[in-house]
Structures are given as structure tokens and as C-alpha cells.
Amino acid sequence: MSRASNWSEDVLRAMQARKIVTVCTIPDGGLTQLLKLIEASKSARLVTLSTEEEGVGIATGCWLAGARAMVAMQSSGVGNCINALGLPAAFRAPCLLLVTMRGQWGEFNPWQVPMGQAVRPALEAVGVKCYPVDKPEEVGETFAAAADFAFNSRVSAAVLVSQRVIGVKGFGQE
Amino acid sequence: MTATPDKSANRIKRRPFMADLLSRRGTALVVPGLGSPTWDCFAAGDQGEYLYSWGGMGLAVPTALGVALSQPGRRVLCVTGDGEMLMGIGSLAVVADQAPDNLAILVLDNESFGETGRQRGLTSNHADIAAVAKAFGVRQTRTITEQGAVAELADLLFKAAGPVLAVAKIAITDDPWRLPEKDGATIAYRFRSALGLEQG
């Protein structure tokens, strides 16, 4: 079994234990295994978005109506969410983000670098607590801690899964 | 060729129209977008089942979708404007894809950015939000231009199998400010209490 499938299974288990029943996403290569597991397990509804900020609105609406959701995206999608993250902040509602990173560890594509490098300062500037993780075996427990922090303290939290965990995309130019 | 906007088609007066419509909502939850849709709902009579918004332009439909998916036994009405709807227009594709049968969307279309000085909006020219919704696969869509269509509109928004979307072509009117609670935590507490949810 690959390391990628291990951390995805850990996240799925943590989601199930916390009754996260909706996952809003614009997919990323690093999320492939997790999204497949979620679909196969039928323990959560997948909501495919047209832009990531919609996921922030949907997750906030879910919590206001009594259910837990999260948003899964690539780091470039974080830029699309910044104004939207004011919504859960204003409602004092939790919003849990799972972000697979680009533009950092061994990045091949320069177009990914500006947003990738800005993810953490941009999220922190709008009050989102960031949980970076760069070891596959620590993704599950980090996700669990971020989820508990978000839902119990009613704040937004983002798990930033390093490119070191998900592997560097090389388009044959590795 | 540029179409000349037919302003005479925008006759509906938002405040009496919304008051009439909301008097027919039954137990529906209402998610108004920021600005005038929120003021209109509050002006019609303050309710804990109204999830007022003061920001997050473009997110009224996504928020209402989250509510609808999480409360499948309750009707949910999203009330938004043409500017906010266009900012989040892709969310109609998400609504059509998820196809919640309890979600209705009403776009109050005055073809203007009413809150910021009545600058011209894109629906004053070619953009047709109901046509976009239909093309995305929203189950039923309608455009109304007359105040008297409220009864029929209420049937669509509160009874027909969703997702449905209606555009109401409304007039630009001078309405008194009616501003509800602005603390989001208080609005959320009231809304969750109205749903009987635990606050822990």
C-alpha cells in the first residue's frame, strides 16, 4: 500500500468519527485517493464546485442547519476563498479546509509558486488557523486536531498537506 | 447590436411584493443575500427562520444550498439580487448537480447595483439569469414582471419540486432603511434555535 493511500484512509476515518457528512471540492491530484475513498464509503456526500469559495458558503450553511461539512482543494483555490472566509467568521461558525499544497517542496510549475507561498499568510490574515503537515503518518492526527479545533471552538481551520507528502508533479520533466 | 433595456417591464415594488410572498412561506427557511434582500425580509417581519446576511457577496446560494442539504425536510428559499447572483453564477451549476428538491431561489432583479448608487448592472442588457439557470439544469425556472403573479410564484417557490429559480423584475424604489441584527453570532444562534439545534 502506498503512503498516499495511508494518509487518505486516516483522514477518512477521522472524518467518519466526527460525522463530517459533506465534502465540497474542486479536486486536486493530491486528493484523488481521498475523494475515491469518500465516494466508495458513501459516508459523505461529495459536492463538486465551480469555484472553491462556494464550498465555504455551503459548509457554513451546513453547520448553521445542524450538519458538519468541509472543503477540500488545491492551494491555488485558497486565493478564491479569502473574502468568503469572512462569512463563517461573522457567524462564528466553523469552516474546515483540507488543502493539498503546490508551489513549495520541489515545485516544477512556476505559475503555482505565488499562491502556494501565500497560502498560509493569506489564511492567517483572515483568521484561519493553519495546520501544516509534511509527514504522511501525521496527516490523520493533524486533520483530527484541526477538525476538533474548528467544530468545538467554532473557528476556521486549514490543514495544509505538503507537497512532500503528496509527491511532486513533474509532467515528465522530473 | 445593443438591446435597449425596457425599464417599463420592471414594475414590481419589492417591499409589498416580498411581504406578500413571505406571508405564504409556511414553514420555509429563508436565506436572504446581503443588502436589500435582507432588508426586505426584515421589513416584512423579523423571524428567527430568516438567516440575515451583511456580507459575503456571491454566497447566498451556496449558503442556502448547505442549509437545504442539511435540512432535507424543510423548504429553503434563497432570496438574492441580480448582482450577487451573477457574482456566484456558477453556484447554480452546483445546485443543479446536487438537485435538492427542497431548494428554491428568487432573484430580485432591478438591473442595478442598488446598494452602491444604482450603477447599471449586467442584466440591464443581455444577461438572462433564468436562461442561465435553465441551461445549467435547474429543474424549473420562471421570470415574472407583475406584482399580481405572487400567488403563482409562491406555488413554484414553496411547493414545486426543486431546485427551482425565479427572476422577479423589480422596480428601483426608495424604501426606508430597515436593518436587522448585524451580529452574525446572534443571527446564527437565532436561526439554529428556530431549527431546534443544540447550541453547544
Side-chain angles (χ1 to χ4, degrees), chain A residues 18-27 39 44-73 77 80-97 126-127 148 150-156, chain B residues 29 31 33-34 49 51-74 76 78 80 84 87-100 102-103 136 181-200:
Chain A
R18 286 160 185 78
K19 297 187 169 61
I20 294 170
V21 294
T22 298
V23 178
C24 306
T25 191
I26 299 276
E39 216 159 13
R45 167 198 299 116
L46 275 183
V47 178
T48 301
L49 307 169
S50 79
T51 176
E52 292 85 353
E53 67 212 74
E54 295 160 353
V56 176
I58 294 168
T60 303
C62 286
W63 183 81
L64 289 165
R68 289 179 170 187
M70 60 183 267
V71 192
M73 71 189 87
N80 295 344
C81 294
I82 298 301
N83 183 52
L85 286 161
L87 185 83
F91 279 128
R92 282 289 271 121
C95 190
L96 177 63
L97 312 178
V126 290
D148 289 342
F151 292 114
N152 294 337
S153 294
R154 296 187 178 181
V155 287
S156 294
Chain B
L29 305 168
V31 181
L34 78 171
E49 289 164 326
L51 186 67
Y52 302 122
S53 172
W54 286 76
M57 186 164 171
L59 295 178
V61 167
T63 306
L65 175 59
V67 173
L69 292 173
S70 304
Q71 289 283 332
R74 293 291 290 269
V76 178
C78 177
T80 181
E84 175 169 61
M87 187 176 282
I89 196 74
S91 63
L92 292 177
V94 184
V95 164
D97 188 52
Q98 292 295 316
N102 59 333
L103 178 62
F136 275 147
E181 175 62 52
K182 73 172 82 163
D183 178 59
T186 303
I187 296 165
Y189 183 91
R190 281 165 33 118
F191 187 75
R192 286 171 58 89
S193 296
L195 286 170
L197 297 170
E198 286 178 22
Q199 298 290 350

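Letters A, B, ... are given to chains in the order of the sequence lines, protein chains preceding strands, and every chain is numbered from 1.
With a 4.5 angstrom heavy-atom cutoff, A:L87 touches chain B only via side-chain atoms. Contacts of B:A93 with chain A are absent, with no heavy-atom separation under 4.5 Å from either backbone or side chain. Proximity to chain B (any heavy atom under 4.5 Å) is shown, for A:L85, by neither the backbone nor the side chain. If you measure heavy-atom distances from B:L29 to chain A, you find no contacts under 4.5 Å at all. A:A84 touches chain B through backbone and side chain together, each having a heavy atom under 4.5 Å away. Residue contact with chain A, scored on non-hydrogen atoms closer than 4.5 Å, is absent for B:F136.
Considering all non-hydrogen atoms of both residues, B:L69 and A:R45 come closest at O-NH2, 3.5 Å. A pairwise comparison of heavy atoms in B:Q98 and A:V47 identifies NE2-CA, 3.4 Å as the closest pair. The two residues B:V94 and A:E54 make their nearest non-hydrogen contact at CG2-OE1, 3.3 Å. Between B:A188 and A:L64, the shortest heavy-atom distance links the atoms CB-CD2, 3.4 Å. Contact detail for A:F91 and B:Y52: the closest heavy-atom pair is CZ-O, 3.8 Å.
Taking B:G55, B:S53, B:G90, B:G196 one by one and counting their heavy-atom pairs under 4.5 Å with chain A, the maximum is reached by B:G90. Comparing A:A59, A:G55, A:A67, A:A65 by heavy-atom pairs within less than 4.5 Å of chain B, the highest count is held by A:A65.
With hydrogens and angles disregarded, no donor-acceptor distance shorter than 3.5 Å links the side chain of B:Q71 to the backbone of A:C62.
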